Amino acid sequence: MRPLVAGNWKMNGLGADLAELATLKAALAGDPPACDVLVCPPATLIAQAAGQVEGAFAIGAQDCHARASGAFTGDLSAEMLRDAGASAVIVGHSERRQFHGETDADVAGKAAAAWRAGLLAIICIGETSAQRDAGTANHICSGQLDASVPEGATGENTAIAYEPVWAIGTGRTPSDGEIAAMHAHIRACLVRRFGEGARAIRILYGGSVKPQNAAQILGLPDVGGALVGGASLKAKDFHAIIGGVKAQ
Ligand code: PEP
């Protein structure tokens, strides 16, 4: 299983910021990565980004609508994102769940839409700090997995991103033991539901991954890559994080 390091630019990036992708492309050409690399810029930049990186690494989206087309003003379908050059889409990010009220059922609909369009669905789950303090993190994450991941998930069409809400953009990360324990729990849930084939589904860690902690986190058991927010905006930092994946 080749790890995946994915960058989520969130609502950041104008045309001029595509220069970061040119810098990343040049850096990766001189230092081939030991993992798959994906950058998810805002939707406005997907087509330009895909044209610019010319397959040196993948370009993805940050959200999609569950339907292929229709009267949904302002929304974008998975088919449109694919047409623009995306090969993956993040669904169920905690910021979508929090600020747009997305439910697990909404997320499952979006993941199914991603598959329908031939995109890799990166399905995000994660507990809040109150839930962790209450000792319910495992229960919350397995509930989100059950209800957000549609039937038919495979290593080819799906990656899971475990992103504790309290670690996103805060500079705080769980301990190595907490990350390893949660990833083992997620793996067990996936295998119980989808069988041994689910061992091929990559489980990414997300939440304050930086050049300083990337190698340590990416080396933990069952960590199949990272979903990186703030530190993916600068090519230098993101390249350093990619370098944290050790060649197998
Ligand atoms: C994210 O938004 O998916 C994320 C992990 O953000 P950050 O790396 O900035 O914590």
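Counting convention: from 1, in listed order, for ligands and their atoms alike. Please read these numbers as outputs of a predicted model, since none were measured by experiment.
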> For atom 8 (O) of ligand 1, which candidate among Ser94, Gly206, Gly229 holds the nearest heavy atom?
Replying inline: Gly229
> Strictly under 4.0 Å, does any heavy atom of Lys210 approach an atom of ligand 1?
Replying inline: no
>> Between Ile168 and Glu95, does the side-chain contact (heavy atoms from CB on, under 4.5 Å) criterion hold? Intermediate values first, please.
In response: CA-CA 10 Å; Ile168 295 179; Glu95 287 154 13; 3.7 Å; yes
> Where does Ala161 meet ligand 1, judged by heavy-atom distances below 4.0 Å: at the side chain, the backbone, both, or neither?
Replying inline: neither
> Does one side chain, of Ser148 or Arg97, offer a donor that lies under 3.5 Å from an acceptor on the other?
Replying inline: yes
>> Regarding Arg96 and Asp106, does a basic nitrogen lie under 4.0 Å from an acidic carboxylate oxygen?
In response: no
> Who gets closest to atom 10 (O) of ligand 1 by heavy atom: Ala231, Ala226, Gly169?
Replying inline: Gly169
> Do ligand 1 and His93 have nitrogen or oxygen atoms that lie under 3.5 Å from each other?
Replying inline: yes
> Would Arg193 and Glu151 pass as an ion pair if we require N to O under 4.0 Å?
Replying inline: yes
> Between the side chains of His239 and Asp31, is a donor N or O closer than 3.5 angstrom to an acceptor N or O?
Replying inline: yes
>> Students should be able to answer this: which protein heavy-atom is nearest to atom 9 (O) of ligand 1, and at what distance?
In response: Gly230 N, 2.9 Å
>> Please work out, at 4.0 Å between heavy atoms, whether the side chain, the backbone, both, or neither of Asn8 comes within that distance of ligand 1.
In response: side chain
> Is a salt bridge present between Glu196 and Arg199, judged by a nitrogen-to-oxygen distance below 4.0 Å?
Replying inline: yes
> Which heavy atom of the protein is the closest neighbour of atom 3 (O) of ligand 1, given with residue, atom name and distance?
Replying inline: Glu163 OE2, 2.7 Å
